[in-house]
Amino acid sequence: MSDNRTPEQIEEELRRARQDMQDTVDQLAAQLDPKVKVQEFKDTAKVKSQEFKESAKVKGQEAKVKAQSLFEAAQAGDTKAIGTFAGAAGALITALGIAYFAKRN
């Protein structure tokens, strides 16, 4: 198989190949740059933080609605709701007692 390319064509192919390799090296260097990695981490953390904040807000609102509903049911005499409040109060008192005695020792 013979090569009918001129020296100029070969030189141009080599120039393009060198430029392609340089572009690849530059892309890899940019991807591995610590400053870029730190910024990517910051951006990801910011997004995750915002998602968590929004999720916590929604869950807090849902818990508030459930607590209001439970309180209204207890006021209306619903024995299950009253029992739930009594259990929660007992758990709170127990937790406070444990914390108090743990702090004393």
Side-chain angles (χ1 to χ4, degrees):
M1 174 157 119
S2 67
D3 190 356
N4 297 328
R5 297 178 293 171
T6 66
E8 292 80 17
Q9 290 171 323
I10 294 170
E11 286 178 10
E12 178 60 23
E13 287 178 25
L14 288 172
R15 187 198 63 73
R16 279 192 304 240
R18 278 193 297 269
Q19 186 60 50
D20 289 346
M21 285 190 283
Q22 184 61 51
D23 291 345
T24 300
V25 168
D26 290 345
Q27 288 173 353
L28 289 171
Q31 290 175 356
L32 299 174
D33 183 357
K35 291 178 184 174
V36 171
K37 290 296 181 190
V38 167
Q39 188 59 49
E40 287 174 357
F41 178 78
K42 285 180 180 178
D43 293 344
T44 300
K46 192 173 188 178
V47 168
K48 295 284 185 187
S49 173
Q50 187 62 31
E51 288 173 354
F52 179 77
K53 191 173 165 184
E54 290 171 9
S55 175
K57 185 176 180 180
V58 168
K59 290 186 186 296
Q61 290 169 342
E62 290 172 354
K64 180 181 176 183
V65 169
K66 287 180 183 179
Q68 286 174 335
S69 175
L70 185 63
F71 182 71
E72 289 168 4
Q75 282 183 320
D78 182 341
T79 56
K80 185 175 180 183
I82 294 169
T84 300
F85 268 110
L92 177 61
I93 291 168
T94 301
L96 291 173
I98 290 171
Y100 174 76
F101 286 113
K103 188 175 181 180
R104 286 185 59 186
N105 293 333

Partners of Gln50 by side chain to side chain contact (heavy atoms under 4.5 Å, CB included), sequence neighbours excluded?
Lys53, Glu54
Could you note down all residue pairs passing side-chain hydrogen bond (donor to acceptor under 3.5 Å, both in side chains) where residues 55-74 supplies at least one of them, sequence neighbours left out?
none
Given the options Glu13, Glu12, Gln19, Glu11, Arg15 meets side-chain hydrogen bond (donor to acceptor under 3.5 Å, both in side chains) only with Glu12
List for me each residue that meets side chain to side chain contact (heavy atoms under 4.5 Å, CB included) alongside Ile82, sequence neighbours excluded, and say none if there are none.
Ala74
Considering only distance and modelled atom types, tabulate donor-acceptor pairs under 3.5 Å from the side chains of residues 26-35, sequence neighbours left out.
from  : atom 1 : to    : atom 2 : distance (Å)
Asp26 : OD1    : Gln22 : NE2    : 2.8
Asp33 : OD1    : Lys35 : N      : 3.1

Does CZ belonging to Phe85 count more than 12 external heavy atoms closer than 6.0 Å?
yes
Quick one: list whatever passes salt bridge (Lys or Arg N to Asp or Glu O under 4.0 Å) with Arg18, sequence neighbours left out.
none
What residues, two or more places apart in sequence or in another chain, satisfy salt bridge (Lys or Arg N to Asp or Glu O under 4.0 Å) together with Glu40?
Lys37
